[in-house]
Amino acid sequence: PPINPLRIALAAAQGTLTPEGPLLTRRLSDLEGLFADEPARKRAADGDDPVVYTVAASPVPEVARELPQSVTTILPGAVGGEFHMTKGHQHPDPQGEIYLGLAGRGGLLLHDGTRTEWIEMEPGVIGYIPPGWAHRSVNIGDEPYRFLAVYPGSAGHDYGWVVKHGMGRRVFRDGASYTLAPFSAA
Ligand code: F6R
Ligand code: ZN
């Protein structure tokens with residue numbers, strides 16, 4: 001059965017949802033094989049193993065017909081010049097998803113196996129992810145990049161798809177800006 005109506009407070013400056021669901025923390029040690037410079041990632045993971053991003057979920061469960069939300073915060077940084085990013089995934093049951101920028105500067109990288117798109121994100125910008133497009137988020141700034149995600153509870157998350165097909169591009173630091181490079185295997 002559906003859950004009861006909920007009032008959820010979103011603190012955009014902190015990245016918290018109240019009431020809250022599970023909190024996920026991804027460190028460099030969780031991101032093996034995702035950055036082009038795998039030796040650099042491993043060195044840092046074997047060292048102080050920095051947090052790359054956190055995902056704070058709302059209490060709305062990931063089940064059919066519900067519409068869960070989460071707030072992702074990607075900390076600033078780079079590995080071998082490649083900006084901090086999420087693992088990236090495809091929804092096995094292809095359904096749309098929306099992101100809303102809350103803080104910092106980032107980008108939404110989308111790939112459907114053939115085409116690649118890049119949407120610059122900042123507070124107030126909605127990034128729309130159509131069904132069938134794998135997506136990864138990147139912090140292109142020097143402060144935390146934060147966004148709200150809202151997605152169908154039955155969409156599921158396939159991380160293997162991105163490992164197999166890549167994301168079409170990689171995002172590298174380029175002076176005070178960034179550059180989109182062709183995808184290369186790790
Ligand atoms: C949910 C969604 C986001 C991501 C989050 C972490 O469908 O797209 O909430 O799950 O930004 O990224 P991943 O899941 O790729 O590690
Ligand atoms: Zn998603």
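Order of listing sets the numbers, starting from 1, for every ligand and every atom in it. Values below: all heavy atoms of this structure, side chains included; hydrogens, waters and symmetry mates excluded. These numbers come from a predicted model, not from an experiment.
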### Query
Quick one: nearest non-hydrogen protein atom to atom 3 (C) of ligand 1, plus distance?
Tyr99 OH, 3.6 Å

### Message
Please verify the inter-ring angle class for Tyr99 with His135; under 30° counts as parallel, over 60° as perpendicular, anything in between as tilted.
### Response
perpendicular

### Query
Is it true that Arg105 and Glu122 make a salt bridge, defined as a side-chain N closer than 4.0 Å to a carboxylate O?
no

### Query
What are the atoms of ligand 1, with element, lying closer than 4.0 Å to any heavy atom of His91?
7 (O)

### Query
Any link between Phe83 and Leu180 through a network of hydrophobic side chains (Ile, Leu, Val, Met, Phe, Trp, Tyr) touching at under 4.5 Å?
yes

### Query
What protein heavy atom sits nearest atom 12 (O) of ligand 1, and how far away is it?
Thr86 CB, 3.5 Å

### Query
Do Arg41 and Asp37 sit within salt-bridge range, that is, some charged N less than 4.0 Å from a carboxylate O?
no

### Task
Run the salt-bridge test on Asp112 and Arg115 with the 4.0 Å N-O cut-off and return the result as yes or no.
yes

## Note on the structure
Per-atom filter on ligand 1: closer than 4.0 angstrom to a heavy atom of Lys87 are 15 (O), 16 (O)

### Message
Restricting to under 2.8 Å, identify the protein N, O or S atoms around the Zn ion (ligand 2) as residue plus atom.
### Response
His89 NE2, His91 NE2, Glu97 OE1, His135 NE2

### Pairwise distance CD(Glu82) to OG1(Thr179) - rounded to 0.5 angstrom
12.0 Å

### Distance from atom 10 (O) of ligand 1 to nearest protein heavy atom, with residue and atom
His89 CE1, 3.5 Å

### Query
For Arg136 and Thr86, does a side-chain donor sit closer than 3.5 Å to a side-chain acceptor?
no

### Query
Is there at least one pair of N or O atoms, one from His157 and one from ligand 1, spaced under 3.5 Å apart?
yes

### Message
Is it the case that the side chains of Ser154 and Gln95 hold a donor-acceptor pair, with the cut-off being a distance below 3.5 Å and no angle test?
### Response
yes

## Note on the structure
Looking at His135, Gln90, Gln69, Glu97, the heavy atom closest to atom 1 (C) of ligand 1 belongs to Glu97

### Query
Would Gly88 count as a contact of ligand 1 if the rule is a heavy atom under 4.0 Å away?
yes

## Note on the structure
Note: ligand 1 atoms sitting under 4.0 Å from heavy atoms of Thr72 are 5 (C), 11 (O)

### Query
Which atoms of ligand 1 are found less than 4.0 Å from any heavy atom of Phe147?
11 (O)

### Query
What protein heavy atom sits nearest atom 14 (O) of ligand 1, and how far away is it?
Tyr159 OH, 2.5 Å

### Query
Quick check, are the ring centers of Trp118 and Tyr178 under 6.0 angstrom apart?
yes

### Message
Using a 4.0 Å cut-off to any heavy atom of Tyr53, which atoms of ligand 1 qualify?
### Response
6 (C), 13 (P), 16 (O)

### Task
Report whether Leu110 and Val150 are members of the same hydrophobic cluster (ILVMFWY, side-chain heavy atoms less than 4.5 Å apart, transitive linking).
no

### Task
Find out whether Tyr145 and His84 are in side-chain contact, i.e. whether some heavy atom of one side chain is under 4.5 Å from a heavy atom of the other.
no

### Task
Can you sort out which atoms of ligand 1 are near Ser70, meaning under 4.0 Å from one of its heavy atoms?
9 (O)

### Message
Angle between ring planes, His91 versus Tyr151, binned at 30° and 60°: parallel, tilted or perpendicular?
### Response
parallel

